[in-house]
Amino acid sequence: MEAILSSFLTKYNYWVFIGLVMIGMYALIAKRNLVKKIIGMNIFQTAVILFYVSIGAKQGSTIPILDSGHGHDAHHAVQAIDYINPLPHVLMLTAIVVSVATLGVALALAIKVHQQYGTLEEDEIAAQIDKP
Amino acid sequence: MIWPVDLIIMLLVMVSGIGAIMVRDLLGAAVLFGVYSFLMCLLYAIMGAVDVAFTEASVGAGVSSVFFVAAVFRTSRRTKD
Amino acid sequence: MRFIALITILLMGGLLFYGLPDFPDWGDPASPASTHVSPYYIEHGAADTHAPNIVTAVLADYRGYDTMFETAVIFSAGLACFFLLRTFRQKSAETKLYRHIPTGVTLRIEKGGKTPAGSEEFEPIDSHWVPYDMIINMTCRLIVPFVQLFALYVIAHGHYSPGGGFQGGVIFGAAIILFAISHDLRSVFRRLQEKTAILLSAAGVLIYAGTGVLCLILGGNFLDYSRLAGLLGVDAVMARSHGILIVEIGVGLAVMAVMVMLYYNLSSAGRHDEGL
Amino acid sequence: MSLLDIIATAMIALGLFFFLGGAIGILRFPDFYSRLHPAGKLDTMGQFTALSGIALYLLNDLSLGSVLTALKILLIVVFVFITSPTATHAIVDAGVRAGMTPWTKETREEGRR
Amino acid sequence: MQAIFLYASVFLACLMGLSLYRSVFGPTVLDRIIGVNAIGSKTTTLLILIGLIYERVDMFVDIALAYATLNFIAVLAASRYFQKKKGLFDEVEGR
Amino acid sequence: MSANTKPDNPNNPIDYQAYSPFKPFEPPTPPERSPLPYFFTFCVCMITWLVLSGKFDLFHISLGVVSSAIVTYTSGDMLLRARRLKGLPGNWLRFIAYVPWLLFEIFRANMHVMRLVFHPRMMDLIDPRMFRFQSRLEDETARFIFANSITLTPGTITVYVSIFGKYTVHAIDKASGQGLPGEMEDRVGAIFGE
């Protein structure tokens, strides 16, 4: 029992990941307002980014920028254990900027929908589509 | 990898995330999403992902909140839920 | 609907929670993500590319192909926003406001009236329009050059400190957005036109792809910057470092222009007459 | 601990005290206009004090890098002193334009009656 | 000194929670904006403190500088909204 | 006059006439463009670059020159509006002499607000009010410095500055607003020789 409990307690950052995914998913499904849905989508995105970043963390190591500016002189060999894993950072860095670009497109769609139907609520839009 | 700060910020992230989708006013939701993005940036910095934190700081503080406010300005602030 | 959503997300959260013991421990150096390819990057990154910031080295050199298409995605997002929102039809239904510049008198021209468009002495102003606010204008005039300089610094020093093309581009775009908010959209158009912004974003992607093609022409693989050594007059390691810088400049241009384009289109709903 | 460390610690503590005042003031004050006073002033002062303390701490080893970092921190302080009053002014101006009624002693008396 | 920085950052994080109360439960949008402003100013300091704990301040100070300069764009945009569309409540239902 | 700035609430005690709807109409700028602002911007950018960069080899300094040139090209006319250099160094020196006094005032103001925040009977102490006064400062930079100094010091926030130099100020209690415009205006005016 204690082993299971400790295995849950040492992974508290994943709880936050799960919680944020649930929040984002709830907003995507249950909220009727388009801008609220977009916010939910963004929360979902950042939750996934958080998951990747927390996978790359290492206990007792420093940020992935080498200390001395002349690493190729190699007085001492660089140890991989001393630096945080840079790979998830690379993948997620581009993902954040791409998420802003997609946010722009999503908001443009929302503005277009509002110009067409005069509302952002999903059910009102559906009623207007069904009417004629 | 600084766990006490990390734990508190994680709690605040959850609160601001829930707030951002529960507020009955789209401008307020946009503002709270800005808070969410600030705290997320701190979380990345604590985990040692400096570049990701930098990107999130410049994006969250500079651009994405402005986009939300601009979109709300061009549509409406009204929301039913 | 809300009930179904609750059931769904509880189910999903439960599944994720059930899988929790299989996730690697937080901060475990032996987690699968940290064992296969990343030790190679950490140990050889600085020696190969002369960039102490390993993230930059991996971003622009080892995985440069990936980043090129990310830039293309951002560029196409800007284009998508442009094609979705931009309207060129003049809406003449509403009243228009003009100000006589020498005297400051505001003219209100109803629908169908003759507008003094093209005259030097009149300038159009917005229909719901904010009076001149001295403090905000002054602050932004003081801040904007420094923010732009800082953005260029971030692009240029991506090798040694956190930063790079993405961050610097976003900050430069934010500086222009700041100027647009503090003044109005027209005064920004005088400095950076829409056409220029689109051309700049295309030029950024072109610089990135062109570097790759240049390496291809010089006999290497696509985006193999060490082939640029002869062209730049440095050794192979420094050539990779300079290649990273060139690519970052391309990324920065593209990202900056796309951010500005998105702001132009979103804040004026595509009409480009009055902004936020 | 050297003397510089002690001064730096004292300044950081003072900055945190200002921050505490700002946070409590935002919660306690009755209306929007008066809440801006702690938010605009105490946070600026807290940032100024805490960041100066950190810059002093960095001067412990006098190398070029640490002096430049301290200068950068001072640059942050300068930017904060320009932008923070502007942000405060922008918010209060928006409040006036939105037509918010200020809280005064009189409204409180009316509320009591 | 490391312990001092750690305690200071924990204290600042708790203060952020207090400001977050105002921005989540603030009666009007402008109160929320005040909360955002307060959180932003605390974030700048906290970033530098984290840098001190990692002993790599020269890397974190760039992030804090970007933060300090860009922090108020969102505030300006939101206040510009109110300067253009007057009225605090008339668009919002249920108040 | 078409921009309607008056909100609907008639009970609002704020005087909306202070909100002038006019932008200040600058006389048409002379076509000659003085190179001085651009040169000044370039120098300031270069110094800032050296502080930011911290690398003094040829490659990075040439990058700095290119970056400063770009910033000068895009926004060289923002930082400085004056066409002549006359009086500028003196203004800067006097401004630097003004800063310590301002810092002391800010510290005193913070202590004042701090006492209010932690006072158990805070609601009886504060008495928020709006008031207006006419300032005699003419220069725009002087008005800017004065407005920001007001925002930073004892219990007062600048709400609006009209183009004729009329300040609308929100004060937290009676004592805070009484010193305005007082010593501070004199000191700010002294910087610019008014």
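As a basis for the values below, the full set of heavy atoms in this structure was taken, side chains included, without hydrogen atoms, waters or symmetry mates. In what follows, chains are A, B, ... by sequence order, proteins preceding strands, each numbered from 1.
Between the side chain of A:Glu124 and the backbone N or O of A:Thr119, no donor-acceptor pair lies under 3.5 Å.
For the atom pair CG of A:Asn33 and CG of A:Asp123, the computed distance is 10.0 Å after rounding to the nearest 0.5 Å. If you take CD1 on B:Ile18 and CG on B:Leu32, they are separated by 11.5 Å, rounding to the nearest 0.5 Å.
With a threshold of 4.5 angstrom between heavy atoms, B:Met40 approaches chain A through side-chain atoms but not through N, CA, C or O. Contact annotation for A:Ala30: only backbone heavy atoms (N, CA, C, O) come within less than 4.5 Å of a heavy atom of chain B. There is no contact between A:Leu34 and chain B, counting heavy-atom distances below 4.5 Å. Looking at A:Leu103, the atoms closer than 4.5 Å to chain B (heavy atoms on both sides) all sit in the side chain, from C-beta outward. Proximity to chain B (any heavy atom under 4.5 Å) is restricted, for A:Leu120, to the side chain, taken from C-beta onward.
Salt bridge A:Lys37/A:Glu121: absent, no basic N to carboxylate O contact under 4.0 Å.
Classified by interplanar angle (parallel below 30°, tilted 30° to 60°, perpendicular above 60°), the ring pair B:Phe68/B:Phe33 is perpendicular.
Taking the side-chain hydrogen bond (donor to acceptor under 3.5 Å, both in side chains) definition, one finds that A:Thr102 meets it with nothing, sequence neighbours left out.
In terms of heavy-atom pairs under 4.5 angstrom with chain B, the leader among A:Ile49, A:Val90, A:Ile39 is A:Ile39. Interface summary for chain A: among B:Ile21, B:Leu7, B:Thr55, B:Val52, the most heavy-atom pairs under 4.5 angstrom belong to B:Ile21. When each of A:Val35, A:Ile63, A:Thr46 is scored by its heavy-atom pairs under 4.5 Å with chain B, the top score falls to A:Thr46. Per-residue heavy-atom pair counts under 4.5 Å with chain B were compared for A:Val100, A:Asn13, A:Ile43, and the maximum is reached by A:Ile43. If you tally non-hydrogen atom pairs under 4.5 Å between each of A:Arg32, A:Gln115, A:Met92 and chain B, the highest count goes to A:Arg32. When each of B:Glu56, B:Met10, B:Met22 is checked for heavy-atom pairs under 4.5 Å with chain A, B:Met10 comes out on top.
The minimum heavy-atom distance between A:Ala27 and A:Lys36, with the atom names listed, is CB-O, 4.3 Å. Of all the heavy atoms in A:Ser61 and A:Ile81, the pair that sits closest is CB-O, 3.5 Å.
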